Student: 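What follows is a single structure, and I will ask about it in a moment.
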Amino acid sequence: MNHWLMKSEPGEFSIDALEAMPERTEHWDGVRNYQARNMMRDQMQLGDRVFFYHSNTEVPGIVGIAEIARTGYPDFLAWEPTDKHYAPKSTPDKPIWYMVDIRFVRRLQRTISLSELKEHADALGDFPLLRRGNRLSVMPVSAAQWDYILGLE
DNA sequence: GCCAACGTTGGC
DNA sequence: GCCAACGTTGGC
């Protein structure tokens, strides 16, 4: 089992919005970055756990846990001309962009903020979220990092 | 294949 | 709202 962290702006899609979905499940559409796509398409497995991270908000940080409910499949919104994430080079025959479905597991008892994570940078070791200028919206979390962060809760 | 210009991300 | 950092695009 692998672990992941996925970022979302709560104004776009929040942990509350995920919990409110039917089956508490929603597709993670709109990723238009090749590194993030490759992880979703090739590496995520059913049941993998995901830290749900709120970005671009008052207190950015990890707010909850989700799990992979469906492995990588084409992001059909890429070929919807009216969609915000329309990407005309991607077609049903030759999809470029992929997504997964995630299911709500639970909220954290408190937000583990980015600033708090930074205080533990030494213990966490190499963590993409803490790398300077990092902009990946989907990133791997090692088992040790996962356990350590949950220990902060 | 280089690289400047541009758009986006996301913390602050 | 600002702006640094980064990925992508497109001219050459």
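Being a predicted model, the structure only gives us computed values, none of them experimental.
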Student: Should A:Y98 and A:I68 be counted in the same cluster of Ile, Leu, Val, Met, Phe, Trp and Tyr side chains packed under 4.5 Å apart?
Tutor: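 Cluster IDs for A:Y98 and A:I68 differ.
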
Student: Would you call A:D75 and A:R32 a salt bridge, using N to O less than 4.0 angstrom?
Tutor: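 A salt bridge is present here (some side-chain N lies under 4.0 Å from a carboxylate O).
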
Student: Would you kindly compare A:K89 and A:N56 by the position of their nearest DNA chain C nucleotide and give the one closer to the 5′ end?
Tutor: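 Closest to the 5' end, via its nearest nucleotide, is A:N56.
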
Student: Could you give the start and end, 5' to 3', of the contact zone on DNA chain B for chain A, using atoms under 4.0 Å from its heavy atoms?
Tutor: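 That gives a stretch of B:dG7 to B:dC12.
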
Student: For the side chain of A:E153 and the backbone of A:Q109, is there at least one donor-acceptor N/O pair under 3.5 Å apart?
Tutor: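 The answer is yes, because a donor-acceptor pair under 3.5 Å joins these two groups.
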
Student: Are A:Y34 and A:W97 near enough that their ring centres are under 6.0 Å apart?
Tutor: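 Yes - the distance between ring centres of A:Y34 and A:W97 falls below the 6.0 Å cut-off.
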
Student: Is the backbone of A:I15 close enough, under 3.5 Å, to the side chain of A:H54 for a donor and an acceptor to pair up by distance?
Tutor: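 Confirmed, A:H54 side chain pairs with A:I15 backbone.
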
